[in-house]
Chemist: 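Quick one: structure below, then a few questions.
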Amino acid sequence: MGSPTSYDPHAIEARRQAAWRERGAARTPAVQDDLPHLYIKPSAPFTSGNVHIGHVRSYSIGDAYARFRRARGDQVLFNFGFDAFGLPAELGAIDRGIPPSEWVARCATHMTGQLQRLGFSFDWERTFLSSDPVMYRWSQWLFLTLLEAGLVYRGTGTVDWCDTCQTTLATIQVEDGLCWRCHNPVRLIERPTWYLRISAYVPENDRRLQERADSGKWDEVALASQRFVLGRVDGVEVELSAQDGTKLTVFTPHAEALEQARFVLISPKHPEIDAWADEPQVRERLEELRSGGLERSSRDAAKIPLVDTRRTLPAPAGGASLPVLISPGVDGRFGATAVFGVPEADRTDEVLAERIGALVSEAREGVPPSISGEQPHAKPEPRQAVRYKAEDFSISRQRSWGTPIPIVYCEEHGAVPLPKEQLPVALPLDITPTGTGNPLAELRSFVETTCPLCGGPAERETDTLDCHFDALWLWVPACVPPESREDSLEQILALPDLRHWLPSERVVAGSDSGNFVFDQRIVTKALRDIGPLAFLEDGEPFAGCLFHEMVISEGRKMSKHLGNVVDPDALVERYGADTVRLAVLYAARPQKTLNWSDSAVLRAHRFLTQVWEFTQTRLAAAQQEQGAGESQAAGADGEPIRDTSEHLRLKLAQWTEKGVEKITEDMEGLEMHSAVRNVMRLFDRIKDFEKRVLARQPALGAADDEALFAALSLLAQLLGPFAPHMAEELWISLGKDESAVQTPWPGVSLQEIAA
RNA sequence: GCCCGGGUGGCGGAACGGUAGACGCAAUCGACUUAAAAUCGAUGGCCAUGACGGCAAUUGUGGGUUCGACUCCCACCCCGGGCACCA
């Protein structure tokens, strides 16, 4: 300890972080189109309280990539905004009995400190909270814009409701059918809600996905998640007419087994469902389904609800006509549509067929289904068809901590959107939610307003936007320079910055972000057609995408309950930020689940310690030689050392050249795990070189020293993206220029970086 | 139930059609130390030796393709994650 050659990460990291702040190392360069530039988009963290090891993984990957690109001379925008609205923040505030605004501010401060201690090179001047009015006015603007375009609409949805607490509950607030707070039974209610019509752009998202794949910048895991969200099912559809003339288009993925269709299932959300539920009994059961009475039952084919409409459709291939049943089981598999049940081709249908057999014969006793519909017409022609599971979703929540929806309800004019000039509708900040009631709706000063059309009394919408909706645009204001942040949205949309930075070159986020990315792709297409993002011709906000998997521990997801949580602060405290960052990169390739193991940290720490001490002791020795005025290294006998190891130096040069090549390739492909391993291997080679030279001669000659330090310099450069603090200190120790933004990548000159 | 990911030494994991177990952790022995920690070195199934070496098993299970399979194909078992108000 204390020796100049020993590795003291805390001192090094404090020094470097101060230097970075001083020179604004992570500041976004001003817009200059002629320079290569890119926007790397990390995920927007929830203001949940603490940075966890999953964040560390995510940002270590993104930061390594950002530093790599900067080191190669690219202009980089790398920053994020906190996703500050939402239930977790509200629950955190309830827990502490403070207003959510206070809680998220506290979280943001604390998490920013943690992230800075880890040395991530975000442009902090551009960081923001989505709960800031200057920011959430964007959500309100987006809401109104999409509403005008018919992409936001009002519908009904079902939610859990607690009669005792007089409030709606999220699924995570319902424990075994009881309210989390008062432990009384919960019931499902229907209430009006706002929907986002993503269905309008789902087919285009599908079409554009192949282009993403062809670009090579979309990782396989990311593509797979987009396909999963899309839920594309290929098959055929047939238009059938019932005896009374009611038509229904029925789909099946089993084109070849159309003749074996035995029944028709129709989703309760099917647009024409009412025509099929005309009998009072059927209607009643459909209502039960819709209000959720049956919906929370098992997804199991043996238990999923089935409602017999007591009607039939002719079979597509002739023969006995098919009973028509309503079942929510359709949605999860094919979306809100109607499908054939083909027991011989489909396992689920086989199970359903047995149940239907009993159901139908019971309900239709005396009316054998086989004679009711001999097909008099020509066979209907099946045609190719596609169905998507992705469907419109609810974007409003009965919560007091969220973006207020810019709608007022006027007795005369009904739901009236506010003019955009009146934005933002401010969220009152003096609310301290307790988990009961609806604080926003109870606040008369917020609710009471006037109708923008007639000036008469009106009430504000008291639902707020789901924070998923905020996330649809969080990547846009990230491109806005801080000084323009408060400008009008028209001004901001006219800035060259958006055109400059968008589309983002790469999203680096957890694989659970599939839905966000999908919906961001949808909204971009909508804004392209509406106008503001017309410059994104393909409607794609992200040119590339890397999804990393999560960090688990002891084979399980981390949870306080299991006691297997890994605390990044404790690791940083013990080993320093460089070690922790290196360890999470080293432990597994991004796309793989990282099963936490201390051995990776120990390995990373030992590696950094060795690199540091090896370099520093060699430097100290070389300086001592120079100080002694020796022009050449000397052996124990005082005889000058002859450089006899030319082939070893050559070999070292080859190794480093090969290593640089390989690591550069790894970094371009965001294979940080492989890059780190290759850096470690290179260090082994460097040590090996010295060892071999010393096996031949008593000490290193001048040319050997030169080769050694050249290799160590390269090593420092290659370490830059992973262990930036130590890399830069080594770089300085080796006599390089400290004024550079950071260690340049091998082969890149400082001029290129400073440009 | 459905969808996705995964099963390799005591442990984390390499290799992803060509010497399985790289690189580590833990362990044991040794060096340094008054001692401990840290660090460094050695060892890694069995047999044998001063040393070279020899022998056997082996990547969840069972099949298959192949000159050759952890790797590709089929079936199964087990584990983890997700499944529409966390988003």
Chemist: Taking atom types as modelled, is there a side-chain donor on A:Ser396 or A:Thr193 under 3.5 Å from an acceptor on the other?
Modeler: yes

Chemist: Can you tell me how far C1' of B:C4 sits from CZ of A:Arg232, to the nearest Å?
Modeler: 20 Å

Chemist: Identify whether any heavy atom of A:Asn595 sits under 4.0 Å from a base atom; if not, whether one sits that close to sugar-phosphate; answer base, sugar-phosphate or nothing.
Modeler: sugar-phosphate

Chemist: Between B:G80 and B:A84, how many Å separate the two C1' atoms, rounded to a whole number?
Modeler: 22 Å

Chemist: P atom, B:C16 versus B:A26: distance in rounded Å?
Modeler: 28 Å

Chemist: Here's one to test your reading of the geometry: is the NZ or CZ of A:Arg521 within 45 degrees of the ring axis of A:Phe542 and under 6.0 Å from its centre?
Modeler: no

Chemist: Does the side chain of A:Phe251 reach to within under 4.5 Å of the side chain of A:Phe334, using non-hydrogen atoms?
Modeler: yes

Chemist: Let me know the distance between CG of A:Leu465 and P of B:C86, rounded to the nearest Å.
Modeler: 17 Å

Chemist: Start at the 5' end of RNA chain B and walk down; is the nucleotide closest to A:Thr609 or to A:Thr193 reached first?
Modeler: A:Thr609

Chemist: What distance, rounded to whole Å, do you find between the two C1' atoms, one in B:A20 and one in B:A15?
Modeler: 7 Å

Chemist: Which residues pass the ring pair (Phe, Tyr, Trp, His ring centres under 6.0 Å) test with A:Phe143, sequence neighbours left out?
Modeler: A:Trp194

Chemist: Of all residues at least two apart in sequence or in a different chain, which pass the ring pair (Phe, Tyr, Trp, His ring centres under 6.0 Å) check with A:His270?
Modeler: none

Chemist: How would you label the glycosidic angle of B:G21: syn (within 90° of 0) or anti?
Modeler: anti

Chemist: Take atom CZ of A:Arg397 and atom C1' of B:C85, then tell me their distance rounded to the nearest Å.
Modeler: 5 Å

Chemist: Within the pair A:Thr348 and B:C2, is there a side-chain N or O less than 4.0 Å away from OP1 or OP2?
Modeler: no

Chemist: A:Phe46 or A:Asp331: which one's nearest nucleotide on RNA chain B is closer to the 5' end?
Modeler: A:Asp331

Chemist: In whole angstrom, give the distance that lies between atom CG of A:Asp512 and atom P of B:A87.
Modeler: 13 Å

Chemist: Given the C1' atoms of B:G10 and B:G45, what is the spacing between them in whole Å?
Modeler: 14 Å

Chemist: Determine, step by step, whether A:Lys41 and A:Val508 satisfy the side-chain contact (heavy atoms from CB on, under 4.5 Å) criterion, reporting the C-alpha distance in whole Å, the side-chain angles of both residues, the deciding distance to 0.1 Å, and the verdict.
Modeler: CA-CA 6 Å; A:Lys41 188 202 166 296; A:Val508 180; over 6 Å; no

Chemist: Between B:A87, B:A84, B:C86, which nucleotide gets closest to the side-chain atoms of A:Thr171?
Modeler: B:C86

Chemist: With rounding to whole Å, what would you report as the distance between B:G41 and B:U61 at their C1' atoms?
Modeler: 42 Å

Chemist: Once you apply a heavy-atom cut-off of 4.0 Å, does A:Glu391 come out as touching a base, just sugar-phosphate, or nothing?
Modeler: base

Chemist: Tell me: CD1 of A:Ile198 to C1' of B:A84, nearest whole Å?
Modeler: 11 Å

Chemist: Quick one: do the A:Thr464 and A:Arg399 side chains pair a donor with an acceptor below 3.5 Å?
Modeler: no

Chemist: Quick one: does A:Ser674's side chain have a donor or acceptor within less than 3.5 Å of a partner on A:Glu671's backbone?
Modeler: no

Chemist: How close or far is atom P of B:C16 from atom CD of A:Gln591, stated in whole angstroms?
Modeler: 15 Å

Chemist: With a non-hydrogen cut-off below 4.0 angstrom, is A:Lys592 in contact with a base, only sugar-phosphate, or nothing?
Modeler: sugar-phosphate

Chemist: Given a 3.5 Å cut-off on both pairing distances, which stems involving RNA chain B, each at least three consecutive Watson-Crick or G-U pairs, are present, if any?
Modeler: B:1-7 with B:77-83, B:10-12 with B:23-25, B:27-31 with B:39-43, B:45-47 with B:53-55, B:60-64 with B:72-76

Chemist: Which atom pairs link the protein and nucleotides 17-24 of chain B when you take only N or O atoms and keep those under 3.5 Å?
Modeler:
unit_1	atom_1	unit_2	atom_2	d
B:A22	N1	A:Arg677	NH1	3.0
B:C23	O2'	A:Arg603	NE	3.1
B:C23	O2'	A:Arg603	NH2	3.0
B:C23	O2	A:Tyr586	OH	3.4

Chemist: Cation-pi check for A:Phe614 against A:Arg618: NZ or CZ below 6.0 Å from the six-membered ring centre and within 45 degrees of the axis, yes or no?
Modeler: yes

Chemist: Checking the side chain of A:Gln398 only, and the main-chain atoms of A:Asn438 only, is there a donor and an acceptor separated by less than 3.5 Å?
Modeler: no

Chemist: Can you list everything that forms a side-chain hydrogen bond (donor to acceptor under 3.5 Å, both in side chains) with A:Thr403? Sequence neighbours excluded, please.
Modeler: A:Asp470

Chemist: Base, sugar-phosphate alone, or nothing: which one does A:Leu169 contact when heavy atoms must sit under 4.0 Å apart?
Modeler: sugar-phosphate

Chemist: Ring pair (Phe, Tyr, Trp, His ring centres under 6.0 Å) with A:His605: which of A:Tyr586, A:Tyr575, A:Trp612?
Modeler: A:Tyr575

Chemist: For atom C1', what is the distance between B:A51 and B:A69, given to the nearest Å?
Modeler: 37 Å

Chemist: For atom C1', what is the distance between B:C4 and B:A57, given to the nearest Å?
Modeler: 35 Å

Chemist: Under 3.5 Å, which protein N or O atoms sit close to an N or O of nucleotides 70-77 of chain B? Give each pair with its distance.
Modeler:
none

Chemist: A:Leu196 CG to B:A84 P: how many Å, rounded?
Modeler: 19 Å

Chemist: Hey, does the side chain of A:Gln610 come within less than 4.0 Å of B:C40's phosphate (OP1/OP2), counting only N and O?
Modeler: yes

Chemist: Using the six-membered ring wherever Trp is involved, compare the ring planes of A:Phe80 and A:Phe82 and label them parallel, tilted or perpendicular (cut-offs 30° and 60°).
Modeler: perpendicular

Chemist: How far, in whole Å, is B:A38 from B:A31 if one measures between their C1' atoms?
Modeler: 14 Å

Chemist: Side-chain N or O of A:Lys389 less than 4.0 angstrom from OP1 or OP2 on B:C3?
Modeler: no

Chemist: Could you state the atom-to-atom distance from CH2 of A:Trp180 to C1' of B:C86 in whole Å?
Modeler: 13 Å

Chemist: We want to know whether A:Tyr388 and A:Asn205 form a side-chain donor-acceptor pair, criterion being a heavy-atom distance below 3.5 angstrom.
Modeler: no

Chemist: Under 4.0 angstrom, heavy atoms only, what part of the nucleic acid is A:Glu90 near: base, sugar-phosphate, or nothing?
Modeler: nothing

